[in-house]
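Single-structure report; data block below.
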Amino acid sequence: MAKEEFLKDDEQKSEEMMGEKYIICKDSYYQPVDKCVTYMEPTLIDYSILTSSQEANDELHKFKSALSSWGCFQLINHGIPTKLLDETKKVSRQFFGLPMEEKQKYAMLPNDTSGHGYQVGNVSHVTSPSSATNKVLDWNEGFSLALFPEHRRKPEFWPDFPPNFKDVFREYAARLETIFDALFKLVVQSLNVDEERFAKQYDKNRETNLRLNFYPKCEGLKQVLGLKPHADFSTMTLLLQDEEGLQVLKDEQWFMVPVIPNALFLNLGDPLEIMSNGIFKSAVHRVVTNTEKERLSVVAFWDSDRNKEIGPLDELITEDRPQIYQRVSLKEYIYTFLNYYQSGKRPINDFKV
Ligand SMILES: O=C(O)CCC(=O)C(=O)O
Ligand SMILES: [Fe+2]
């Protein structure tokens, strides 16, 4: 899509001014976007080995070590057929390829945090009038849908075009849910905590939400980000991407996440860093823009029950590892996240003991 079309609904008419709405200040927290980044050495975690009873031990060790250092890894051999992965990407791109008027039929309502609908520039991450005037938009079109529990699906937000969109995403959602459930069991096993108590956070009211991200080519504008740095407020996130652009922050250095065919990129969100009392790390990530290629990501967020509190599990608080984080309701956490997203402040720092 041309820059002009992407920006055309903007109230500012001067192109220069419109560009500025997407530009990150050079001296801000974000660090120069064009600073040279290193490629991330991918940690490949084999799902089929991890979930087999015979050979799982070494793989589980790798799993735990990836989550304690990077907070992310590439999941391979997860069993989702290539055809379904390809269809998922195809129908997502077809949706974003629709005319703007068509996509706007599914427009997200202002300040919707429950996850339904289409938006340009990530404006839902603006919660107060003052941050709205100072907002720097993301070079991003987003489309969010609730997946689970199924009664949260709002049929009016599921697009009619492409015609197979609904079927493809029903199937993809079911596949992901099975993987998330299995990964959660492995998280419990790695942390060596009481499954029943931990699982209470993840009862029938827990949520899975989907976000499709589309990043148009970004020609001529420098210092523009596709998404600003953040760690997710989900427990775990599984991401399918078709081009490079996602970067992860570690030890104050940005690393480019490589695209590995058919792999799902898993990253942990802040709630699991909090619940594991800092044993597991959430991965801070951002998306950079590309002058030559459009990019798509299909992202599923596996959340705990928003009405419950998150806090370090009792058995993970010891003399050697005193409590690092306070207890907080997920709802309040999300509110803090949304308030801080613009400025790049990390919400997790507000909840340190
Ligand atoms: O597009 C990506 O690779 C990242 C998306 C993301 O971080 C998000 O939707 O929270
Ligand atoms: Fe994210």
Side-chain angles (χ1 to χ4, degrees), residues 30 33 37 39-40 42 70-75 85 88-89 92-93 95-96 108 112-126 137-147 176 180 207-218 224-250 254-261 263-273 281-290 293-303 333-334 336-338 340-342 344-348:
Y30 298 106
V33 175
V37 293
Y39 269 84
M40 188 174 170
W70 286 85
C72 59
F73 57 73
Q74 301 268 3
L75 189 70
L85 298 174
T88 302
K89 289 182 276 190
S92 304
R93 278 201 175 244
F95 171 78
F96 287 115
M108 186 178 281
D112 177 4
T113 61
S114 64
H116 296 97
Y118 173 77
Q119 51 157 318
V120 174
N122 225 352
V123 277
S124 71
H125 282 160
V126 173
L137 299 181
D138 293 334
W139 196 260
N140 167 291
E141 289 182 57
F143 182 57
S144 304
L145 290 175
L147 296 183
L176 284 180
F180 273 131
E207 297 182 5
T208 304
N209 295 300
L210 177 78
R211 183 178 160 101
L212 310 181
N213 292 293
F214 182 70
Y215 306 90
K217 282 185 227 168
C218 185
V224 175
L225 281 173
L227 279 188
K228 297 184 195 69
H230 65 282
D232 295 336
F233 58 73
S234 56
T235 299
M236 294 184 278
T237 302
L238 278 173
L239 176 144
L240 179 66
Q241 55 176 343
D242 65 358
E243 294 292 344
E244 275 172 8
L246 176 63
Q247 299 183 344
V248 169
L249 185 69
K250 187 166 188 297
W254 288 103
F255 292 85
M256 185 69 89
V257 177
V259 178
I260 296 178
L264 293 170
F265 181 74
L266 177 129
N267 65 277
L268 295 190
D270 287 341
L272 200 45
E273 173 158 341
K281 303 288 181 288
S282 60
V284 173
H285 52 283
R286 69 178 185 183
V287 178
V288 294
T289 49
N290 191 317
K293 287 181 182 162
E294 300 165 336
R295 177 171 182 269
L296 171 84
S297 68
V298 176
V299 193
F301 303 98
W302 197 81
D303 297 347
Y333 200 84
I334 294 174
T336 312
F337 172 98
L338 295 175
Y340 285 180
Y341 180 76
Q342 278 291 316
K345 255 166 81 178
R346 285 201 68 184
I348 202 164

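Start at 1 and go down the list; that is how both ligands and their atoms are numbered. Since the structure is predicted, the reported quantities are computational estimates derived from the model, not experimental observations. Reckoned from all heavy atoms, side chains included, excluding hydrogens, waters and symmetry mates.
Atom numbering of ligand 1 starts at 1 in the shown order; those under 4.0 Å from a heavy atom of L239 are 2 (C), 3 (O), 4 (C). Interface of R211 with ligand 1, defined as ligand atoms under 4.0 Å from a residue heavy atom, comprises 9 (O). For ligand 1, the atoms sitting less than 4.0 Å from at least one non-hydrogen atom of L246 are 3 (O), 4 (C), numbered in the order shown with element in parentheses. Under a 4.0 Å criterion applied to the non-hydrogen atoms of F301, ligand 1 contributes the atoms 8 (C), 9 (O), 10 (O). Atoms of ligand 1 lying under 4.0 Å from any heavy atom of S297, numbered from 1 in the order shown and given with element: 1 (O), 2 (C), 3 (O). Residue Y215 has at least one heavy-atom neighbour below 4.0 Å for each of these atoms of ligand 1: 1 (O), 2 (C), 4 (C), 5 (C). Residue-ligand proximity, H230 to ligand 1, at heavy-atom distances under 4.0 Å covers atoms 6 (C), 7 (O), 8 (C), 10 (O). Atoms of ligand 1 found under 4.0 Å from any heavy atom of L227 (numbered from 1 in listed order, with element): 5 (C), 6 (C), 7 (O), 8 (C), 9 (O).
For the residues V287, N209, D232, L210, the heavy atom positioned nearest atom 4 (C) of ligand 1 is part of V287.
Looking only at N/O/S atoms, H230 comes nearest to the Fe ion (ligand 2) through NE2. If you look at D232 and ask which of its N, O or S atoms sits nearest the Fe ion (ligand 2), the answer is OD1.
One finds a salt bridge joining R93 and E294 here, because a Lys/Arg side-chain nitrogen approaches an Asp/Glu carboxylate oxygen to under 4.0 Å. Of the charged side-chain nitrogens involved, none lies within less than 4.0 Å of a carboxylate oxygen, so that R295 and D242 do not count as a salt-bridged pair.
Closest to atom 3 (O) of ligand 1 among all protein heavy atoms lies R295 NH2, 2.8 Å. The protein heavy-atom contact nearest to atom 9 (O) of ligand 1 is N213 ND2, 3.1 Å.
Contact record, P258 with Q241: O-NE2, 3.4 Å, taken as the closest heavy-atom pair. Of all heavy-atom pairs spanning P216 and E141, the tightest one is CG-OE2, 4.1 Å. The shortest heavy-atom contact between N209 and A146 is OD1-CA, 3.5 Å.
Partner F301 forms a side chain to side chain contact (heavy atoms under 4.5 Å, CB included) with one of T235, D232, L210, L238 and no other, that one being D232. Of the options Y340, F337, Y341, W302, a ring-ring contact (aromatic ring centres under 6.0 Å, His included) to F233 is made by F337 and by none of the others.
Inspection of the T237 and R211 side chains reveals no N or O donor paired with an N or O acceptor under 3.5 Å.
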Can you list the steps and then say if F95 with F143 is a ring-ring contact (aromatic ring centres under 6.0 Å, His included)? CA-CA 9 Å; F95 171 78; F143 182 57; 4.3 Å; yes
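Under a 4.0 Å heavy-atom criterion, H285 is in contact with ligand 1.
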